[in-house]
Amino acid sequence: MIFDTNLTPTSGYDEDTFEKLKRAREGSHYIVVYHDLSMLRKIYSQYTKRQIEEKNEIVLILSHYETIDMVRYVLSHMATIDVKEYEKQDSLLIIDSARAYFGSSIDIISFVKSLVNYADQIGKNGVTVLADMGSFFCYNKLNDLIEYETSLQRTSDIKAKGFCFYKSDDFNWRISRIQRKRLLDHHGRELMVAPTATLR
């Protein structure tokens with residue numbers, strides 16, 4: 001499959017963002033607001049490579065604004081990850097976020113806990129979850145989004161790190177100030193990696 005896409009990161013991406021992600025500890029729950037897909041690709045491709053190859057973790061990517069095939073393409077071309085091999089080893093899982101949140105008989109929290117147990121069984125050091133929350137906006141499930149996010153704590157005692165990715169337009173304009181505050185209150189840290197991602 002051939003994609004006509006620009007894989008060059010925009011100048012809005014701050015290398016400091018990646019350093020902050022690298023410092024996330026086991027049990028962390030971060031919110032990351034990004035401006036466009038170029039920024040998102042830079043973040044998830046670099047971080048996935050690090051967690052799989054250097055940190056020996058399982059990485060679960062829940063994609064929304066990109067197809068699963070596009071995520072594979074980005075990982076392969078931007079981060080030179082052997083996607084097929086890591087998927088075969090179950091070190092890398094890429095799932096459509098709508099399917100993960102709305103189309104499965106098992107809820108995502110239980111699935112992540114099962115992944116953590118599996119990681120322990122096969123000698124991995126934990127699990128990283130990179131979740132694009134765009135599907136909640138696409139399917140007009142904002143109440144479900146708030147309910148889900150506020151059910152999670154800022155930190156947990158399981159061997160997993162969770163990063164909830166929000167496109168800046170969704171985060172800034174499609175939820176209220178009160179809802180944004182509730183979301184931020186349930187994340188240990190917020191990273192705004194877009195020039196226009198300001199809290200209103």
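When side chains are defined from C-beta on, V71 does not count as touching I68, because their heavy atoms never get closer than 4.5 Å. Side-chain contact between V59 and Y86 is absent, with no heavy-atom pair separated by less than 4.5 Å. At a threshold of 4.5 Å between non-hydrogen side-chain atoms, the residues D132 and S63 do not count as touching. Residues L142 and I175 have side chains in contact (heavy-atom distance under 4.5 Å, counting atoms from C-beta outward). Annotation: side chain of L115 is in contact with side chain of L60 (closest heavy-atom distance under 4.5 Å). No side-chain heavy atom of Y44 sits under 4.5 Å from any side-chain heavy atom of L21.
Taking CG of D144 as the reference point, atom CD of E149 lies at 12.0 Å (rounded to 0.5 Å). The structure places NE2 of H186 at 9.5 Å from NZ of K181, a figure rounded to the nearest 0.5 Å.
Summarising the local packing, CG of N143 is surrounded by 12 or fewer heavy atoms from other residues, nucleotides or ligands at distances under 6.0 Å. At most 12 heavy atoms of other shown residues, nucleotides or ligands fall within 6.0 angstrom of atom NZ in K55. Counting non-hydrogen atoms of neighbouring residues, nucleotides and ligands closer than 6.0 angstrom, the NZ atom of K22 exceeds 12 such neighbours. Counting heavy-atom neighbours within 6.0 Å of R23 CZ, excluding the residue itself, gives a total above 12.
Nearest heavy atoms, I108 versus A100: CD1-CB, 4.1 Å. Among all heavy-atom pairs drawn from Y30 and A24, the shortest one is OH-CA, 3.7 Å. The nearest pair of heavy atoms linking T150 to I146 is OG1-O, 2.6 Å. Between I109 and S151 the shortest heavy-atom distance is CD1-OG, 4.1 Å. Heavy atoms only, all atoms of each residue included: S76 and V83 are closest at N-CG2, 4.0 Å. Contact detail for A79 and K49: the closest heavy-atom pair is O-NZ, 3.0 Å.
A cation-pi contact, defined as under 6.0 Å to the ring centre and within 45° of the axis, links K141 to F102.
Under the 3.5 Å distance criterion, with hydrogens and angles disregarded, no donor-acceptor pair is assigned to the side chains of D36 and Y65. Counted by atom type alone, S110 and D107 present one or more donor-acceptor pairs between their side chains at under 3.5 Å.
For residues 156-165, the set of pairs meeting the side chain to side chain donor-acceptor pair (under 3.5 Å) definition, not counting sequence neighbours, comprises E57-K161. The side chain to side chain donor-acceptor pair (under 3.5 Å) contacts involving residues 90-100 comprise D90-Y118, S91-K124, S97-S135, where partners must be two or more places apart or lie in separate chains.
In this view, E85 and Q89 satisfy the side chain to side chain donor-acceptor pair (under 3.5 Å) rule, not counting sequence neighbours. A search for side chain to side chain donor-acceptor pair (under 3.5 Å) contacts involving Q179 returns S176, not counting sequence neighbours. Listed by chain and residue number, D69, E87 satisfy the side chain to side chain donor-acceptor pair (under 3.5 Å) test with R72 (two or more places apart in sequence, or in another chain). K84 pairs by the side chain to side chain donor-acceptor pair (under 3.5 Å) definition with nothing, not counting sequence neighbours.
Using a 4.5 Å cut-off between side-chain heavy atoms of Ile, Leu, Val, Met, Phe, Trp and Tyr, with links allowed through other members, I178 and Y148 fall into different hydrophobic clusters.
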Any chance you could lay out the side-chain contact (heavy atoms from CB on, under 4.5 Å) test for H64 and M133, step after step, and finish with the verdict?
CA-CA 7 Å; H64 173 69; M133 311 308 289; over 6 Å; no

Pair M78, Q46 - check side-chain contact (heavy atoms from CB on, under 4.5 Å), show working.
CA-CA 8 Å; M78 280 190 78; Q46 279 193 348; over 6 Å; no

Might you work through the side-chain contact (heavy atoms from CB on, under 4.5 Å) test for I94 and L75, ending with a clear yes or no?
CA-CA 11 Å; I94 307 168; L75 291 174; 4.1 Å; yes

Working note: I61 + L93, criterion side-chain contact (heavy atoms from CB on, under 4.5 Å); need CA distance, chi angles, decisive distance, verdict.
CA-CA 6 Å; I61 299 176; L93 296 88; over 6 Å; no

Can Y47 and F163 be said to form a ring-ring contact (aromatic ring centres under 6.0 Å, His included), step by step?
CA-CA 11 Å; Y47 197 70; F163 300 93; 5.2 Å; yes

Intermediate values then yes/no, ring-ring contact (aromatic ring centres under 6.0 Å, His included), F136 and Y101
CA-CA 9 Å; F136 286 93; Y101 289 116; 4.9 Å; yes

